[in-house]
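All figures in this text were calculated on a predicted structure; none of them were measured in a lab.
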Amino acid sequence: MLASDPEHPGTLPVQQMRAGDHAFLCYDDHLQGWDVLSAFVWTGLARGEKVIVFPDPRLNAADVLRHLNDVPGVLLAQGYDSGRLELNSMRQLILPDRTFTAAQQWRRIVEETESAQARGFTGLRTYIDMGWVADLEADLNVMMARERQAEHLFTTGLYSEICAYERDRFPQQVLEAMCQAHPQNLLPALGHLRARQTDNTLWLVGEADLATREQFTHALAEAARSPVTRRGLTIDLCGVVFLGVECARELIRMMDRTTAHRPVRVRCTGSVALVLRRLGADPAVIDVAQVKGS
Amino acid sequence: MVAMDAVAGNVVQHGGGHGLLVLARAHCHELRCRISDRGPGFTAEAIPDLAVGINGAGHGQGLWLTRLITDDLTVIPKAVGTTVVFAMRWNR
């Protein structure tokens, strides 16, 4: 079943989210999505941002903290104790209003962003579980309009937001529309790899390690078999947050095999380029790109 | 991360399928990683001296890269299995 639109051009792993991003996340049940949330919180705290989590309203604070505290290290616990990480609810945020309106929510988010900045934080990030829609008995169309028209919140580059939709709680067409309404589309969990291909470019996003090697190799093989064009083939690894040795070797082998009849270039981050070069890839075919958030 | 993945991947594929990874800050400027398994075992001689061609022998290439990008790599054969220790030091 479709987790979210695999063709969405803004698909990225949560580790590459940056200030100013408005991201869609679709998760399958309450056990999924925690690793994405934990990584989002952890990264925000590490970057000196204020973090507010609006969890599924059916969960109590102790449950949420228990899941978040599964993350190794003390950053999350210290963040919560010091107030840099806060749990809240949409019901609480929009007070004194009792009925959800986009205007009130936007006003409160702007206030929270300004307050975070005034207190010395580098920005504000929120994780909003969309379970609040049922909790407040809000109109789906009102919620969808909010999502489509929220870009002004993100223009300063101080605020970022994940809107997390549990699949079973929303109609499929709503999920598809909301995926398209967000500039960013998150992989559903850590450790995932996603491939997307056009005529000349294979985009790989996520983590390329032993667990995803088969998928990685398959995507390379499909790309190598695709019709030859004059522009050659570009393998874009800018969305890959980790490239293991095994996958790097597969890539270099594929390039060696393919280059004879079709030029292949790789676009990637500096750290990925380092691994490829160390393993013997031709530096002349590697283009290092600056990746926001990495 | 690349080095840990390479050695841990080796354990998963050739070292009995599972092992123990301990990562610790050894000094102010050093991170030390110790990975043990209970597989068939190997010695440091299994690591190629020079860069193996990418189409050459597959075994040992991860360890070769680990030795290249880390500050110390020690292979300790045990009665059962092997322990690999390596460190990363950063500028003071």
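- At most 12 heavy atoms of other shown residues, nucleotides or ligands fall within 6.0 angstrom of atom OH in Y80(A).
- V245(A) and D5(B) get closest at one heavy-atom pair: N-OD2, 3.9 Å.
- Nearest heavy atoms, L279(A) versus W64(B): CD2-CZ3, 4.3 Å.
- Proximity to chain A (any heavy atom under 4.5 Å) is restricted, for L65(B), to the side chain, taken from C-beta onward.
- A 6.0 Å sphere centred on CH2 of W203(A) holds more than 12 heavy atoms belonging to other residues, nucleotides or ligands.
- Within 6.0 Å of atom CD in E222(A), more than 12 heavy atoms from other residues, nucleotides or ligands are found, so the atom counts as buried in its surroundings.
- L274(A) does not touch chain B: none of its heavy atoms, backbone or side chain, sits under 4.5 Å away.
- Annotation: R265(A), atom CZ; neighbour count of heavy atoms from other residues, nucleotides and ligands within 6.0 Å is above 12.
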